[in-house]
Amino acid sequence: MQEFIQKATVLVEALPYIREFEGKTVVIKYGGSAMEDPAIRRLTAQDVALMKYVGMNPVVVHGGGPGITRMLKRLDIESTFHNGLRVTDDATMEVVEMILAGSINKDIVTLINQAGGTAVGLSGKDGNLLHARKLVSEDGGDIGHVGEIVQVHFKIIQVLCGAGMIPVIAPVATDDKGRTWNVNGDTAAGEIAAALQAEKLVFLTDAPGLLSDLNDPGTLISQVTYAEVKELTRKGVIAGGMIPKIEACHKALDYGVRKAHIIDGRVPHALLIEIFTQMGVGTLVTV
Ligand SMILES: Nc1ncnc2c1ncn2[C@@H]1O[C@H](COP(=O)(O)OP(=O)(O)OP(=O)(O)O)[C@@H](O)[C@H]1O
Ligand SMILES: [Mg+2]
């Protein structure tokens, strides 16, 4: 009996959070690097399904860097990066779209559905969701089909959420000419959260959060402001894949998203812990 009383207590402890987030939109960026463990993938999908059942509107935007790199290798296509962005020639773009909007997207959709949710996979082309233009690299270099988002037509997300479904979005965008653009998943998540005026934006990644020393998980920065972020970027503490996350947090917070978190997607139920408990996991980015 004691065990069940304890379980009931845990449920009741979640009540204030369930009440706070009822009907609210939470955008979850699911990083490709946090997806590597199939057992954890299943738990993450359960967390997302549960969020929907208790009345939130989870919207998943995913990455897939490692999966794309693996497929390119199988096809003997070299992966090249320029300032952290994947140089995307025609052949690479084809693979990026196949993997992101194809296998990875459908894998996440299937797992959420197996957990009892109703997930619908989309790319930025579906419902005209993401429009992009060519991104010119900071140094003027040509990085091919890498795009930057110019508009989010979020109607399709609202329709799906309103119908009890969970949108799962692959960050592939289009433009008026029907061309295909590879957009960064973090940037897409930030733009989508901003457009939806989401309550929360959560990044699930393969680090405990923002670290002041990459090699030491003990150096987790549990809360960081814009001003501090600028300084950390200048010092090179924020680098590589962390840069677009921090920038996406900025964008989202500027546009009225209330909270932005970067958490460790490799921890079982990291998402539930972040949302339903008062335990501060990962890094909270604030204005
Ligand atoms: N200060 C920092 N703290 C934590 N991680 C950092 C920091 N600076 C750079 N990083 C890097 O950022 C990485 C996370 O970004 P990465 O792009 O690799 O993953 P992701 O965005 O979750 O996945 P995907 O790009 O496939 O969607 C970490 O693995 C780490 O190497
Ligand atoms: Mg990334």
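Just follow the structure's listing: the first ligand is 1, and inside any ligand the first atom is 1.
- Counting protein heavy atoms only, atom 12 (O) of ligand 1 is closest to M242 N, 3.6 Å.
- Shortest contact from atom 15 (O) of ligand 1 to any protein heavy atom: G241 CA, 3.4 Å.
- Close approach of ligand 1 to G209 is summarised as follows: ligand atoms under 4.0 Å from at least one heavy atom of the residue are 3 (N), 4 (C).
- At least one side-chain heavy atom of E3 sits under 4.5 Å from a side-chain heavy atom of K7.
- Using cut-offs of 30° and 60° for the angle between ring planes, the H153 and H131 rings count as perpendicular.
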Side-chain polar contacts of residues 23-31 - donor-acceptor pairs under 3.5 angstrom, sequence neighbours left out - could you list them?
| from | atom 1 | to | atom 2 | distance (Å) |
| --- | --- | --- | --- | --- |
| K24 | NZ | E20 | O | 3.3 |
| K29 | NZ | D186 | OD1 | 2.6 |

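- The cationic group of K251 lies under 6.0 Å from the six-membered ring centre of Y255 and within 45° of the ring axis, placing it in a cation-pi geometry.
- Within 6.0 Å of NZ in K259 there are 12 or fewer heavy atoms belonging to other residues, nucleotides or ligands.
- Between the side chain of T283 and the backbone N or O of L210, at least one donor-acceptor pair lies under 3.5 Å.
- When the side chains of ILVMFWY residues are joined at heavy-atom separations under 4.5 Å, either directly or via intervening members, V59 and I166 end up in two distinct hydrophobic clusters.
- Under the 4.5 angstrom side-chain criterion for Ile, Leu, Val, Met, Phe, Trp and Tyr, the cluster partners of V146 are L85, V87, L135, I143.
- With ligand atoms numbered from 1 in the order given, ligand 1 contributes 13 (C), 14 (C), 28 (C), 29 (O) to contacts under 4.0 Å with heavy atoms of D206.
- Annotation: atom 21 (O) of ligand 1 to nearest protein heavy atom, K245 NZ, 2.4 Å.
- T205 OG1, 2.7 Å is the protein heavy atom nearest to atom 22 (O) of ligand 1.
- Using a 4.0 Å cutoff on heavy atoms, G185 does not count as a contact of ligand 1.
- Considering backbone and side-chain N/O atoms, G31 never comes within less than 3.5 Å of an N/O atom of ligand 1.
- From the protein, the heavy atom lying nearest to atom 25 (O) of ligand 1 is K29 NZ, 4.4 Å.
- Annotation: L214 places no N or O atom under 3.5 Å from an N or O atom of ligand 1; distance criterion only.
- For the pair G32 and ligand 1, the shortest N or O to N or O distance falls below 3.5 Å.
- Atoms of ligand 1 lying under 4.0 Å from any heavy atom of G65, numbered from 1 in the order shown and given with element: 26 (O).
- Taking a 4.0 Å cut-off on heavy atoms, A34 fails to register as neighbouring ligand 1.
- A single hydrophobic cluster is seen to contain both M93 and I99, as judged by linkage of ILVMFWY side chains at heavy-atom distances under 4.5 Å, directly or through other members.
- Taking every heavy atom of L210 and a limit of under 4.0 angstrom, the matching atoms of ligand 1 come to 1 (N), 2 (C), 3 (N).
- Looking at A239 next to ligand 1, an N or O pair under 3.5 Å apart turns up.
- Going from atom CD1 of I18 over to atom OH of Y53 covers 14.5 Å, rounded to the nearest 0.5 Å.
- Contact between S212 and ligand 1 is absent, with no heavy atom of the residue lying under 4.0 Å from the ligand.
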